[in-house]
Amino acid sequence: MPVYSVSRRRAIALLALTSILLITLDIQGNSVVRGLRGVFSTIFEPVQSSARVITRPLENSWRGITNYGELEAENQRLQDQLDQQEGAFIAALATARDAQELLALNGIDNLADISSVTAQVIGGTPSNYSQTIEINQGSDRGLRVGMPVVNAAGLVGRITWVDNDRSLVLLANDSLYAIPVQVVNQPNIVPATTTTTTTTTSTTTTSTTTTTSSTTTTLPVVPPVSAVVDPNGITTTTQSMTTTTVDLSTVDFGALAPTTTGVIVTIAPGTTAGGPTTTLNLDDLPIAETGIFRGRGIDNAPVVEFIDQNSRFGEVQVGALVFTSGGSQSLAPRGIVVGRVIKIVERTGTSGAVLEVRLTAKLTALNFVRVLLYQPVATGAP
Amino acid sequence: MIDFVNKPVARLILVGLPALALQTTFFAEVKIFGVVLQIMLALSIAAGLAGGSENGALAGFVFGLMFDLVLTSPLGLSALVYGAAGWGAGYLHSRALENPKWLNALVVGLMSGLATFVLPIVANWIGVEGWLSSRLTKVTIVVSLSNALFSFLVVPVARWSLAIRRNQRLAPPAEVFL
């Protein structure tokens, strides 16, 4: 049986107290703790790099053994998904260009104006609780703590620690992650309908047959503006009488119509002599609410908690889109896609309802990400 | 230089750095049922088995602190829990008359499960939310079983890093802790 001396018991108590002190200092954001992490990183980086080189073949072998079947199935599924979304992408592209023009006209920053750095994911999280990834770009390429990280699907997270040539990204589903967002209801979905009328006229004397065929396809509609589309361009008229013209001559509307569902235009070929006409209804303005998006760990869906309760809250629907709202204090610019509302949890009292969100970016399978070189005005933009 | 390397704290750091490198590279990618295996925790508990409660607490603190320095979670959280796990392993081990390898594996497995379960509770207590979830049960079981297997490797390593002979279970001189 071991004998505990007073000095050793004191030593153990000292270790425990030191831990508690460090926790307290770190939670308060003490600069000494940050400095300590920086010093340790400098010492540890060469060891970690060597270990990465040595263990990479083993990791690849492990992945090859355990994930091959899963990857093959996923590849097939993604190929099908890609085919389905090709048409929708073209329509979205046109809409995005339109939106960018409008934002530029109104002097509002948009994502296309912000420089970015592409980075490769070189490491996952070593913990079962915190959600982080390591990327191969750092302060040498202009990365700073707090900058938003995105991929093609949407928001991924934010930079939480930077070295010269690598950085740590706190993923959006980590419980320490929070950002102001905007929730926009999906357009009212009207099922696509197609009507085909065929008229046949036969003339006996000339033995000639004339067939006239017209097809009308109506797609779900709901953008906040009125617009008229012709094959060479789109003219959009907003309530403030701003007019924007975007060249859409490269878009094949004939090919687009049958594959596009749930987007924001109505296309009725043949109703106008010059080509299809798009009519956007001003009465279907999307409803936007602002709140705080917060991660809740790997196992729980992230949530949006609303700052203010108001009468319009009830109108938020499952499927509503969640975007970053931007602003002078926000670490991300306006307009980054975050995800969709999958559940509305009503709470009693003054705490208000909570929206559970499914992220559009798949955080468990990240290979390349893009760091937006954006810093809010409040911290001094670079 | 030789004297420095022979000091237990120096040896702990020398062992801890490559172990941490392994944790942040290989084990961060190679997951079992989606769970990251915890070699740093296994080493902390093994130090308790090899060198007793005091050494376990010291090794757990050092390994936990090193782990905290590369994580985004509050600094000192893993140091506190791993230190307690190392101390607990040493205490449990001191109750046994012999220390066969299967008993080492059992103690490492039990203490790993306990530490894995307690860590998110302490985190929640200090204000870090989201760590307590239904996934915790799976994480606890996988980490317990894997660390029990690791014990056959990490106990000898811990014994070497604390400069303790195979049958010696005494702590190093008290000056180490002062």
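Throughout, protein chains are lettered first and strands after them, A, B, ... in sequence-line order, and every chain is numbered starting at 1.
Taking chain A as the reference chain and counting heavy-atom pairs below 4.5 Å, the highest number among B:G83, B:A123, B:A79, B:P120 is found for B:P120. Considering only heavy-atom pairs separated by less than 4.5 Å from chain B, the leading option among A:G297, A:G124, A:S19 is A:S19. Among B:V128, B:L119, B:V81, B:V30, the residue with the largest count of heavy-atom pairs under 4.5 Å with chain A is B:V30. Counting heavy-atom pairs closer than 4.5 Å to chain A, the top-ranked of the candidates B:L71, B:V70, B:D68 is B:L71. Across B:T116, B:L75, B:L136, B:L80, the residue that shares the most heavy-atom pairs under 4.5 angstrom with chain A is B:L75. With chain B as partner, the option from A:L36, A:L25, A:L168, A:T364 having the largest number of non-hydrogen pairs under 4.5 angstrom is A:L36.
When all heavy atoms are compared, the tightest approach of A:D26 to B:P74 is OD2-CA, 3.2 Å. Of all non-hydrogen atoms in B:V36 and A:P126, the two that sit nearest each other are CG1-O, 3.4 Å. Minimum heavy-atom separation, A:F44 to B:L17: CE1-O, 3.6 Å. Minimum interatomic distance between A:L15 and B:F61 (heavy atoms only, all atoms of both residues): O-CE1, 3.6 Å. Nearest heavy-atom pair, B:G76 versus A:L22, reported as atom, atom and distance to 0.1 Å: CA-CB, 4.2 Å. Between A:Q48 and B:T24 the shortest heavy-atom distance is NE2-OG1, 3.0 Å.
Contact of A:S130 with chain B is made through backbone and side chain together, with heavy-atom distances under 4.5 Å. Residue B:V139 touches chain A through its side chain alone, counting heavy-atom pairs closer than 4.5 Å. There is no contact between B:M40 and chain A, counting heavy-atom distances below 4.5 Å. Proximity to chain A (any heavy atom under 4.5 Å) is shown, for B:F26, by both the backbone and the side chain. For chain B, the nearby parts of A:I23 are the backbone and the side chain; heavy atoms of each come within less than 4.5 Å. For a residue to count as touching a neighbouring chain, one of its non-hydrogen atoms must lie under 4.5 Å from one of that chain's; by this rule B:V143 touches chain A with the side chain only. Heavy atoms of A:S127 lying under 4.5 Å from chain B belong to its backbone as well as its side chain. For B:L65, the part lying near chain A is the side chain, with the backbone staying farther off; criterion is any non-hydrogen pair under 4.5 Å. There is no contact between B:L41 and chain A, counting heavy-atom distances below 4.5 Å.
In B:F117, the CZ atom is not crowded: 12 or fewer heavy atoms of neighbouring residues, nucleotides or ligands sit closer than 6.0 Å. More than 12 heavy atoms of other residues, nucleotides or ligands lie within 6.0 Å of CH2 in B:W160, so this atom counts as buried by the packing criterion.
The backbone N or O of A:Y129 lies less than 3.5 Å from no partner atom in the side chain of B:R135, so there is not a single donor-acceptor pair. At distances below 3.5 Å, not a single donor-acceptor pair connects side-chain atoms of A:R52 with backbone N or O atoms of B:L22. Within the 3.5 Å criterion, the main-chain N or O of B:V35 finds no donor-acceptor partner in the side chain of A:N128.
Side chain to side chain, B:E129 and A:S175 fail the donor-acceptor criterion of an N or O pair below 3.5 Å. No hydrogens or angles considered: nothing links the side chains of B:T72 and A:D174 as a donor-acceptor pair under 3.5 Å.
The CD1 atom of A:I12 sits 6.5 Å away from the OG atom of B:S53 when rounded to the nearest 0.5 Å.
Taking non-hydrogen atoms and a 4.5 Å limit, the residue list of residues 53-61 of chain A in contact with chain B, ordered by number, reads A:T55, A:L58, A:E59.
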